[in-house]
Amino acid sequence: MAGWKYIIWFLLLYPLVIIQASFLPRLNVRGVAPDLVFIVVFLWIFLLPKEKKFIYILSIFGGLLLENYSMLPFFGLWAATLFLTVLLVKKLNSVIQGFNILSLFIIFSATFLCFKFLPLISTSLLILAREKTLFLPLAFSWKHLAAVWGADLLIVIVYFYLYEFVYKKKSQRN
Amino acid sequence: MKKILKFTIAALLIVGLFILINLFAGNFLKNGFYKISAPIQKVTWKTGDWVSDGLTLPFRLNGLRLESQELIKQNLLLKEEIIKLRYLNEENAALRAALGIAAEQKLQLALVNVLAQGQQGNFLTIDKGQKDGLSNGLAVITAEGALAGRIENAFDNFSQVLLITAKNSSFDIEIQGERENVLAVAKGGGGRDLSFELVPQDAVIENGGLVKTTSLSGKFPKNIIIGEVAGLQKADASSFQRGQIIPYFLKNALNELFVITNP
C-alpha cells in the first residue's frame with residue numbers, strides 16, 4: 001500500500017506542476033498563480049507530520065519538477081528549498097504548539113517566505129563562491145509576492161477547514 | 001546516533017547527485033522534461049486562455065465597450081495618418097532611389113508556440129530551441145510586432161524567454177517626443193509593470209507617446225515597438241522624468257510568438 005501511495009502522489013504532482021505553469025497563469029488574475037506544489041507539500045507536513053519519510057521524498061520530487069520551470073542557474077535549488085521548507089514546518093510545529101488557524105497562519109507565512117527567498121539567497125551565495133562576484137537575483141516584486149501569498153494562504157485555509165470538518169465527522173462516527 | 005548518520009549519508013548523496021547533474025546533465029534533464037510535457041502543455045496553455053475568456057467576459061464587457069469607442073476614435077485618427085504617410089512614403093521612395101540606399105533589411109522570423117509561464121510571471125517557455133536555430137539573446141515579438149522579451153536560456157528543443165516586464169529586465173529605449181525622440185532606460189517591475197527613467201526634464205514627451213527599442217546596448221534590434229507612455233511623472237526636485245509604459249505585448253493572447261533570428 002505504501003508503495004502505491006508514493007506512485008499516486010508522484011503522478012499527482014506532475015499534472016499539478018503543469019497546471020501551475022501552463023494553465024493558472026492564463027486565468028489572468030493579475031498574473032497571480034498559486035504555488036500548488038508548495039501548498040501540497042506544506043499541507044502534508046502540517047496536517048500529517050507523522051508521515052515525515054514520505055513527505056521528505058515528496059518534497060524532493062516536487063522540487064525537481066519545479067526545477068524545470070525555473071530560471072535559476074543551479075539545478076537542485078528548488079528541491080533543496082522544498083526539503084528545507086518541510087524541516088522548517090516540522091520545527092515550527094514543535095515550537096508553536098496547537099493545531100489552529102493562528103498557528104497555520106504563522107507557520108505558513110514563515111515557510112512561504114523561506115520558499116520564496118531561499119532559492120534567491122542560495123543562488124547569490126553559489127554565484128559568489130563560483131565567480132567571486134556578488135549577484136543579487138532579486139527577480140520578484142513585493143506586490144506580486146503579497147498577491148501570491150494571499151492566494152496560497154486562502155487555499156491552505158480552505159483546505160485546513162475542510163480537513164477539520166472531515167476529520168471531526170470521522171471521529172464522531174468512530 | 002545511527003539515525004543522524006543515515007540522514008547525513010542520504011543528504012551527502014543527494015548533494016553529490018545534484019552537483020553531478022549541474023556539471024553534466026542539468027540542461028539534458030530539463031530538455032527531456034520539456035519534450036515529454038510539451039504536448040500536454042500546449043493543450044493546457046490554450047485551455048487556460050479559453051477558460052479565462054469565458055470567466056472574465058462579464059467583468060470585461062464595460063471595458064470592452066469603452067475600448068471599442070476608443071478604437072473607433074483611434075481608427076479615424078489613423079486613417080488621417082495613413083493619408084499623410086502615403087504621401088511621405090512616396091517622397092521617401094523617391095529619396096531612397098535618388099540616394100541609392102539599399103532596400104530596408106527585412107527581419108527573419110521563426111514562429112514559436114508558448115508552452116508555460118514561469119514563477120512570478122517573469123518568463124515564458126517556448127517550444128523551439130538550439131536545434132531550430134535559436135540562441136541566447138534573440139529578441140521575441142508578437143504577431144503584431146510588439147516586443148515581448150529575449151531568449152535567456154536556449155536548450156536543445158526549448159527556450160526560456162525573459163519578458164521585458166520581468167523584475168531584472170533593463171534595456172535602452174527611444175520615446176517618441178513632441179520635437180524629437182528621447183532616449184531612456186526601461187525597467188521591468190515584475191508582473192505586468194514596465195517603467196522608464198532617465199529622461200531629462202527639458203525633454204518634451206507626452207502620455208501616449210510611442211516607445212521603441214534602440215540598438216544602443218545591443219540587447220534588441222532597433223525600432224521594435226514596445227508600447228506607449230502612461231503615468232508620466234515630472235517631479236520638480238528630480239533632474240529626470242520617469243513614468244510607466246503600457247507594454248503592447250500584453251494585449252496579445254501569447255499563444256504564438258516570433259523570434260527574430262537575424263538581430
Side-chain angles (χ1 to χ4, degrees), chain A residues 14-15 17-38 52-53 56-57 60 63-80 83-84 87 115-116 119-120 126 130 135-148, chain B residues 7 10-11 14-15 17-19 21-23 25-27 29-34 36-37 40-53 55-56 114-125 152-153 158 160 162 165-169 188-193 250 253-255:
Chain A
Y14 177 69
V17 169
I18 301 275
I19 289 169
Q20 185 179 319
S22 292
F23 181 78
L24 292 177
R26 304 296 282 160
L27 295 187
N28 239 341
V29 193
R30 298 207 161 264
V32 174
D35 305 296
L36 296 182
V37 175
F38 166 68
K52 53 185 180 190
K53 196 179 143 196
Y56 288 151
I57 297 172
I60 291 177
L64 287 176
L65 288 174
L66 285 181
E67 219 66 67
N68 297 292
Y69 295 99
S70 150
M71 265 191 136
L72 296 180
F74 299 100
F75 195 91
L77 284 181
W78 284 106
F83 184 76
L84 290 174
L87 293 181
F115 175 71
K116 288 291 174 189
L120 302 178
L126 285 167
R130 193 175 70 178
F135 169 72
L136 295 169
L138 297 176
F140 69 91
S141 82
W142 288 105
K143 248 191 324 191
H144 190 266
L145 197 74
V148 176
Chain B
F7 188 83
I14 291 172
V15 170
L17 186 71
F18 281 146
I19 291 172
I21 289 174
N22 270 302
L23 288 175
N27 285 357
L29 282 178
K30 274 190 178 182
N31 195 53
F33 183 85
Y34 285 136
I36 296 165
S37 311
I40 309 165
Q41 285 182 285
K42 260 183 201 170
V43 176
T44 46
W45 187 258
K46 283 188 178 157
T47 312
D49 195 26
W50 178 74
V51 173
S52 166
D53 268 358
L55 284 177
T56 56
V114 179
L115 295 177
Q117 190 170 327
Q119 292 183 347
Q120 305 274 338
N122 281 338
F123 68 92
L124 297 173
T125 305
E152 194 72 5
N153 294 315
F158 299 87
Q160 290 176 323
L162 184 74
T165 48
K167 185 78 181 174
N168 50 353
S169 157
R192 302 166 79 86
D193 293 344
L250 288 174
L254 293 183
N255 287 324

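So that the names make sense, note that chain A is the first sequence line, chain B the second, and so on, each numbered from 1.
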Where on A:L64 is there a heavy atom nearer than 4.5 Å to chain B: the side chain, the backbone, both, or neither? side chain
What part of B:L29 gets within 4.5 angstrom of chain A, counting heavy atoms only: side chain, backbone, both, or neither? both
Of all heavy-atom pairs between B:T44 and A:F23, which one has the smallest distance, and what is that distance? O-CD1, 3.6 Å
Flag the pair A:Y14 / B:I40 as yes when at least one side-chain heavy-atom distance between them is below 4.5 Å, and no otherwise. yes
What part of A:I19 gets within 4.5 angstrom of chain B, counting heavy atoms only: side chain, backbone, both, or neither? neither
Which atoms of B:N31 are under 4.5 Å from chain A, going by heavy atoms: the side chain, the backbone, both sets, or neither? neither
So which of A:P15, A:A80, A:A147, A:G76 has the largest heavy-atom pair count under 4.5 angstrom toward chain B? A:G76
For B:I36, is it the side chain, the backbone, both, or neither that has a heavy atom closer than 4.5 Å to a heavy atom of chain A? both
B:F158 versus chain A, the contacting section by heavy-atom distance below 4.5 Å: neither
Chain A heavy atoms under 4.5 Å from B:I14: which part of the residue, side chain, backbone, both or neither? side chain
Compare every heavy atom of A:E67 with every heavy atom of B:K30, then report the nearest pair and how far apart it is. CE-O, 3.2 Å
Heavy-atom nearest pair, B:L115 first then A:S22, reads O-OG, 2.6 Å
Candidates A:V17, A:L65, A:I18 - the one meeting side-chain contact (heavy atoms from CB on, under 4.5 Å) with B:S37: A:I18
